Amino acid sequence: MKLVSIDKKDWEKGIERLRPRYRLFGPIREKTYHAFQRLDEGQLPDLAFANTRLSPKDIVFPQSKAILECSLDETKADHHIMKSIAGDDTPQLVLGIRPCDASALTLLDLNFNTDEVKDPYWIQAREKTTFFGLACDTPQSTCFCTSVGGGPFDEKGLDVLLVDADDRYLAKILTEKGAAAMQAAGWQDESDANALLERRRGAAEERIRSVVHTDRLKDIDILRLHGAPFWEDISFACINCGTCTYLCPTCWCFDIQDEVHQKTACRMKNWDSCMYPLFTHHTSGHNPRGTKLQRLRQRFMHKLKYFVDKHDAGIMCVGCGRCVHSCPVNIDIRHICNLMNQYSTEDACEAQG
Amino acid sequence: MTHMGIEPDRMHFSWISSAEATKFVVVAKEVTEKVRALGPNKHFIKTEARGAQHV
Amino acid sequence: MQNPYLPYPVRIDDIRIATEDKSLKTFKFVFLDPDDEDRFAFRAGQFAELSIPGVGEIPIGIASSPVEKGFVTFTVFRSGVVTTHLHNMKIGDIMGIRGPLGNSYPWDLLAGKNILIVGGGFAFTTLRSSIVYMLDPANRPKFGDIDVVYGARTPGMLLYKDELVAWEKRSDINMHLTIDAPAEGWQYNVGFTPPITEQKAPQGDENTYAIVCGPPVMIKFTLPVLEKLGYAHDHIIMSLENRMKCGFGMCGRCGIGKELVCKDGPVFTLDQINHTPREY
Amino acid sequence: MSEHIDRIRDIAQRLLAEGRVDMIVGFRKGTLPMMNEPCFIKTPTAVDQLVWDSHCGINLANYLVDRSETIGVIAKGCDSRNIVTHIIENKVDRDKIVIIGVPCHGMVDKRKIQSLADAEIEAVAEQKDQLVVTAGGNEMTVPKKDVLQENCRVCIHRNPVIYDELAGERTEEQSDVDRYADVHEIEALSPDEKWHFFEDLLAPCIRCYACRNACPLCYCPTCFVDESRPQWVGKGQDPTDVRTFHFLRAFHCAGRCTDCGACERACPVGINMRVFTKKLEKDCFEQYGWEAGLTLDERPPLDTYRLEDPQDFIK
C-alpha cells in the first residue's frame with residue numbers, strides 16, 4: 001500500500017486534472033451544514049467539516065431512481081415490455097467521504113451484491129465510483145465508530161485514504177481504482193510518513209468518546225430480545241418518522257413504485273423505511289408490524305441482532321451518530337444497543353418506569 | 001393556492017345557480033380568457049420520473 | 001448481468017373465473033420469448049411477481065405445475081390496486097412475470113415420504129401445483145401415500161373443481177373435500193377443515209409430512225389437530241405471506257426476524273417459524 | 001432546570017399516588033445537550049425522572065391519542081391548545097386526561113444555539129433569562145430571547161388555556177410581537193417569486209415525514225400520501241410530489257394549527273414549513289377571528305357556516 005504526499009498547493013491543480021475524467025462529488029458548505037454534492041466547474045470540496053448532514057449513500061443508492069420503463073402505446077411493437085434504463089457509465093469520484101460512511105458501503109454490499117442475486121444498479125454505481133476518504137480528526141460526541149469495528153482512519157470501502165497533515169495530505173492508496181485516480185490527478189510524490197499517519201490515527205481514535213457494547217448481542221436469543229420489556233419504554237417517544245433511516249448510511253430498505261407519464265410507464269426504486277406502517281401493510285388490512293413499538297423494534301433488532309446473526313459481520317451500524325443527532329425525540333441507538341447487549345432474563349422482571 | 005405561487009387568475013370561485021345560465025356563460029368566458037392569457041400551466045405538472053439526483 | 005428487477009414479457013393466453021363469487025380468476029400466461037420459459041424453470045411452492053407496467057407488481061404463488069409445459073398459470077384474488085387492474089385485463093394483453101422467487105416445498109426432503117396436504121379457501125394454488133407435480137407418472141413412484149384435505153365455504157368456492165373431481169376418482173391419491181355447510185348435490189364431507197383433518201388425515205410419523213396452506217383461522221385450528229395426530233413441528237410445512245416488493249431479499253420489508261419471507265421462504269417448517277418473531 | 005419542575009413532580013406524584021391517572025406523560029433528560037425525550041411515568045417513585053426546561057419543545061398532545069389509559073399530561077401553552085383541538089375533534093376524552101399546565105417562557109432552538117458556537121455544544125445551563133453555553137471548552141452567556149424557536153418568539157399564548165393543575169404562576173403574554181412578519185414578506189412577492197421561494201424552501205426535503213408525525217394534528221390513520229386507491233401523490237423525490245405533500249398537509253391543518261412549531265423543530269434538514277401553516281393560521285385569524293385551541297365552546301371555522309363569513313373571493 002503506497003503512501004503519497006500531496007502538497008496542498010497541488011490540491012486544486014490535481015482536482016482540475018480529475019475533472020475531465022470523473023464526475024466529482026464532495027462536501028459543500030450550505031448555510032450551517034455540509035452536504036455531499038456534485039462539484040460544479042471550479043468548485044472545490046470543503047474539507048473542513050465534522051460530518052455531512054445526510055450520508056452520501058445516495059451517490060450510489062439514490063433516494064429515487066427510475067430503473068425500468070416501457071411504452072404503453074399499443075401501436076408500438078414493444079408496448080408493455082419493460083426495459084432497463086441504461087445507467088450512465090461515466091466514472092465518478094467522491095472526495096472527502098468519512099471512513100464511517102465508506103465502511104457503510106461494505107455493509108450495503110452484503111445486501112445488494114450477494115452470491116445469489118445482484119442489484120445491477122448498485123453494482124454499476126459501485127463500480128464506476130472511486131472513493132477518496134478523509135480521515136476524521138474531528139469526531140463528535142455522538143461518534144462511536146471505534147466500538148463497531150471501524151475507526152476515524154478506517155480504510156474499509158475506500159480506494160484512497162486522505163489524512164490531513166497540515167501543509168499536505170497524506171494519501172494512502174488502497175486499490176487499483178485509487179491508484180488510477182491518483183495518477184490522473186498527478187499526485188505521485190511517494191512518502192515515508194507512515195509513522196506520522198499512525199500517530200495521527202492513534203490521536204484521532206483517542207478522541208472518540210462514545211462507547212457501545214456489542215459483544216453479547218450474538219449470544220442472546222432472538223425471541224427473548226424481541227420480547228424484552230424495554231421496547232415499550234424506548235418506543236414511547238418515537239413518532240415513526242423516517243429521519244433515522246433516511247440519514248443512516250447503512251439503511252438499505254427500498255420500495256418499488258410505478259408511475260405513468262403520458263404514454264410511458266416507469267418503475268422506480270425509492271428509499272423506504274421500516275418506521276412507516278405502509279412498509280409492511282398487507283392488502284387485506286393486516287399489518288404484521290402495525291404498532292410503533294413493533295416498527296421501532298424492527299429497526300433496532302435488524303441492525304443489532306438479525307444482521308449480526310445473519311452475516312456475522314458485526315452490527316449494521318457504523319457509529320456515525322447521525323440518527324442520535326437528528327432524531328426529533330432523542331431516541332439514541334447507543335443507549336438501545338447497550339440495553340440489548342446487557343439484556344438478560346432477570347431484566348424481564350424489572351418494573352418499567 | 002395563490003400563496004404558493006399559482007397565478008391568481010388561474011383560480012376562480014363562483015356561485016352559479018342552475019337557473020343562472022347567462023351568468024354561467026359570462027363566467028366561463030371570462031375564466032377562459034384569463035387562463036388563456038396566462039398560457040399553459042407550468043406548475044404541478046410532472047413530465048417524467050425525476051428526482052434521481054445522481055444518474 | 002441478469003437484472004432481477006426485469007420481468008419476462010408474457011401474453012395473457014386465457015382468463016377463467018375460478019370461484020362462483022368471481023373474486024378469483026385464473027390467468028394463463030405464455031412467454032413472448034419461448035426461451036424465457038426455460039429461464040423461468042420453477043419448483044412447486046415458488047411464487048412470482050406479476051408485473052403490470054405503470055401499475056405495479058404483486059407476488060402470487062405459481063398455480064401451474066413444473067410438469068405442465070408451454071404456459072404458467074396464477075389464480076389471483078381481487079383485492080388491491082394491482083390485482084383489481086389484472087382482473088380487468090383481457091386475453092391478449094401484454095404484461096410481465098418476474099421469478100421464480102422464493103424457495104419451494106422441500107421436494108428433496110419429501111421424496112419417499114407420505115404427504116398430507118391441508119388447504120383452505122384460495123390458498124390452494126401452490127398446493128395444486130404440488131399435487132399435479134406429484135401425480136405426474138414420472139414422479140408418483142417417488143412418494144408414499146398422498147392425502148389431501150381441502151375445504152372451502154361452498155362448493156362454488158373450491159378452486160380447480162374439475163381436477164378435484166378427477167383426483168377423487170383416482171386410487172393413488174386420497175381426497176377429502178369439505179365445505180362449511182351442507183349444499184345441494186354435494187356428496188363429500190361437510191365441516192370446517194380442522195375437524196375433517198382430524199377425522200380423515202393419517203397419523204403423523206417420521207415418514208409423513210404435512211403441508212398446510214390456508215387462511216389464518218384455518219391454520220390456527222389445524223395446527224393443534226396435526227400435533228394431536230402426531231406430526232412433529234419439523235414435519236409441518238407452511239407457506240407464509242408478507243408484503244413484498246423486490247421478491248429476492250433486498251428491499252427489507254418481509255423480514256420475520258433474520259429470515260426474509262421472499263427469499264428464505266415463503267415455505268418454512270413450523271419448527272422454523274417457532275424460532276422467529278411472529279411478524280407475518 | 002426551571003422553577004416549575006418541583007411543582008410538576010409534586011403534582012405528578014400526587015396524581016399517580018392517588019390513582020387519578022395511570023401514567024404521566026412528560027419529558028425526561030435526553031442523551032444530548034438541548035434534548036429531552038418524551039416519556040411516560042407509571043409509578044410515583046419515578047417522577048424524579050421528569051424534567052422541565054427550555055428544551056421541551058416537542059408537543060406532548062401528540063402522545064395522547066389512541067390510548068386507553070387515563071393520562072396526566074404536562075402541557076405548555078401550545079400543548080394545551082392542541083389538547084383542546086383533540087377534545088373538539090373527539091380524539092381525546094376530556095375525562096381521561098388530567099392537564100398539568102405549565103406557563104411557558106418559550107423553548108429554545110438548538111440550531112440557533114449551535115450556530116453561535118464554533119465547536120459542538122457540550123452543555124447548556126439556564127440562569128433565568130440567560131443560557132450558559134459550553135462549547136469546545138469555552139463558556140458563553142446568551143440571552144434566551146435571542147435563541148428562541150421562531151414560533152415561541154412570536155407566541156401570544158404562553159399560558160395553558162385549559163388545565164386541571166397549574167405548575168407555576170401565570171406568565172405575562174407577549175404583546176409587542178409581529179406574528180406574521182414572515183407571511184407578509186411572502187405575500188408581497190409576485191406569483192413567480194412565490195413559486196421559486198417555495199421551490200428553494202422545499203429542495204432539501206427528504207420526505208421523512210418528521211413534520212407530519214411530530215404534528216399533533218396529523219393523526220389520520222392513513223395519510224393521503226400513503227393512500228393507494230387512489231394514489232394522490234407520487235412517492236419519489238419529484239418536486240411536484242414533495243410540494244403537494246407539504247401544501248396539502250398544511251391545508252389539512254387549516255383552522256387547527258396552533259403554530260406550536262413541532263414540525264419545524266422535527267425537520268432533520270431545517271425546513272421552515274411553518275410558513276405554509278402560518279399563512280392559513282393568519283387567514284383564519286383575519287377572516288374568521290379564529291385562533292385554534294383557545295376554547296372548547298366554539299366549533300372551528302371550517303366546520304361551521306355563518307352568514308357573515310367573508311366570501312369576497314367568490315365572484
Side-chain angles (χ1 to χ4, degrees), chain A residues 67-72 74 78-84 111-112 114 116-124 221-223 226-227 251-260 264-267 269 272 274 278-284 286-289 294 297-298 301-302 305-310, chain C residues 1-11 32-33 49 51-58 77-84 89 93-96 98 101 215-216 240-261 263-264 274-280:
Chain A
I67 56 170
L68 306 177
E69 66 180 353
C70 73
S71 171
L72 300 179
E74 303 216 351
D78 58 353
H79 71 89
H80 287 84
I81 299 180
M82 282 284 199
K83 287 171 202 68
S84 183
N111 188 53
F112 289 122
T114 70
E116 297 152 288
V117 203
K118 293 181 194 306
D119 180 322
Y121 308 100
W122 170 261
I123 304 268
Q124 185 188 36
D221 180 65
I222 281 190
L223 290 181
H226 190 264
C251 272
W252 63 54
C253 291
F254 62 88
D255 188 13
I256 299 176
Q257 285 285 329
D258 281 32
E259 285 191 7
V260 176
T264 304
C266 165
R267 189 157 291 161
K269 229 176 105 179
D272 207 344
C274 55
L278 205 60
F279 188 61
T280 48
H281 193 272
H282 291 201
T283 310
S284 65
H286 168 64
N287 194 340
R289 291 196 283 273
Q294 291 168 325
R297 175 172 62 194
Q298 167 68 13
M301 285 292 278
H302 186 205
K305 178 59 182 168
Y306 305 151
F307 182 86
V308 173
D309 286 6
K310 189 160 182 161
Chain C
M1 190 192 319
Q2 211 203 323
N3 184 343
Y5 296 98
L6 193 63
Y8 299 120
V10 293
R11 182 171 44 79
L32 293 190
D33 176 354
E49 290 276 355
S51 178
I52 306 175
V55 181
E57 298 186 308
I58 187 81
F77 177 62
R78 189 184 68 237
S79 55
V81 174
V82 181
T83 52
T84 302
M89 287 174 72
D93 284 349
I94 305 294
M95 51 179 278
R98 207 153 59 73
L101 301 166
L240 301 185
E241 285 181 354
N242 244 355
R243 186 180 174 95
M244 294 176 190
K245 288 284 180 172
C246 73
F248 43 78
M250 284 182 189
C251 79
R253 72 201 60 237
C254 67
I256 46 166
K258 67 182 166 63
E259 322 295 339
L260 293 160
V261 173
K263 179 163 156 282
D264 304 314
N274 288 341
H275 289 92
T276 63
R278 300 240 157 177
E279 292 185 350
Y280 52 87

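Here the structure is a predicted model, which is why all the values come from computation and not from measurement. Values below: all heavy atoms of this structure, side chains included; hydrogens, waters and symmetry mates excluded. Chain identifiers are assigned alphabetically (A, B, ...) following the order of the sequence lines, protein sequences preceding nucleic acid strands; residue numbering begins at 1 within each chain.
- A:Y306 is listed as a side-chain neighbour of C:P277, based on a closest heavy-atom distance under 4.5 Å.
- Interface remark: of the candidates A:V260, A:I81, A:D221, A:I81 forms the most heavy-atom pairs closer than 4.5 Å to chain C.
- Looking at C:I256, there are no atoms closer than 4.5 Å to chain A (heavy atoms on both sides), in backbone or side chain.
- Among C:C251, C:P7, C:G54, the residue with the largest count of heavy-atom pairs under 4.5 Å with chain A is C:C251.
- With chain C as partner, the option from A:T114, A:T280, A:L72 having the largest number of non-hydrogen pairs under 4.5 angstrom is A:T280.
- Contact of A:E69 with chain C is not made at all, since no heavy-atom distance falls under 4.5 Å.
- With a 4.5 angstrom heavy-atom cutoff, C:P9 touches chain A only via side-chain atoms.
- When all heavy atoms are compared, the tightest approach of C:L6 to A:L68 is CD1-CD2, 3.5 Å.
- If you measure heavy-atom distances from A:M301 to chain C, you find no contacts under 4.5 Å at all.
- Proximity of a side-chain donor or acceptor of A:K310 to a complementary backbone N or O of C:K258 within less than 3.5 Å is detected.
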Exercise for the section: Test A:H282 against C:N242 for side chain to side chain donor-acceptor pair (under 3.5 Å), laying out the working first. Expected result: CA-CA 7 Å; A:H282 291 201; C:N242 244 355; 2.9 Å; yes

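- Residues C:P4 and A:P120 have side chains in contact (heavy-atom distance under 4.5 Å, counting atoms from C-beta outward).
- Residue contact with chain C, scored on non-hydrogen atoms closer than 4.5 Å, involves the backbone and the side chain of A:I256 alike.
- For A:Y121, the part lying near chain C is the side chain, with the backbone staying farther off; criterion is any non-hydrogen pair under 4.5 Å.
- Side chain of A:H286 to main chain of C:Y280: a donor-acceptor pair is present (N/O by atom type, distance under 3.5 Å, no hydrogens or angles).
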Exercise for the section: Please lay out, stage by stage, how A:R267 and C:E57 fare under the test salt bridge (Lys or Arg N to Asp or Glu O under 4.0 Å). Expected result: CA-CA 10 Å; A:R267 189 157 291 161; C:E57 298 186 308; 3.0 Å; yes

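- The residue among A:V308, A:L278, A:T264 with the most heavy atom pairs within less than 4.5 Å of chain C is A:L278.
- With a threshold of 4.5 angstrom between heavy atoms, A:H79 approaches chain C through its backbone and through its side chain.
- We find the CG-CZ distance between A:D255 and C:R243 to be 7.0 Å, quoted to the nearest 0.5 Å.
- Listed for the A:R289 side chain is a donor-acceptor partner under 3.5 Å among the backbone atoms of C:R253.
- Interface remark: C:T83 contributes no atoms to any contact with chain A (heavy atom separation under 4.5 Å).
- Looking at A:C70, only its side chain comes within 4.5 Å of chain C, counting heavy atoms on both sides.
- If you take CD on A:Q294 and CD on C:E279, they are separated by 6.0 Å, rounding to the nearest 0.5 Å.
- Among the candidates A:K305, A:H226, A:E116, A:K83, the residue making the largest number of heavy-atom pairs closer than 4.5 Å to chain C is A:H226.
- We find the NZ-NZ distance between C:K245 and A:K269 to be 14.0 Å, quoted to the nearest 0.5 Å.
- How far CZ of C:R78 is from OG1 of A:T283: 13.5 Å, rounded to the nearest 0.5 Å.
- In this structure, the separation between CG on A:D78 and CG on C:L32 is 11.0 Å, given to the nearest 0.5 Å.
- For chain A, the nearby part of C:D264 is the side chain; its heavy atoms alone come within less than 4.5 Å.
- Interatomic distance, CE of C:M250 versus CZ of A:F112, reported as 7.0 Å (0.5 Å rounding).
- Most heavy-atom pairs under 4.5 Å with chain A: of the set C:Y5, C:F248, C:F77, this distinction falls to C:Y5.
- Top candidate by heavy-atom pairs under 4.5 Å with chain C, chosen from A:C251, A:S84, A:C253, A:C274, is A:C253.
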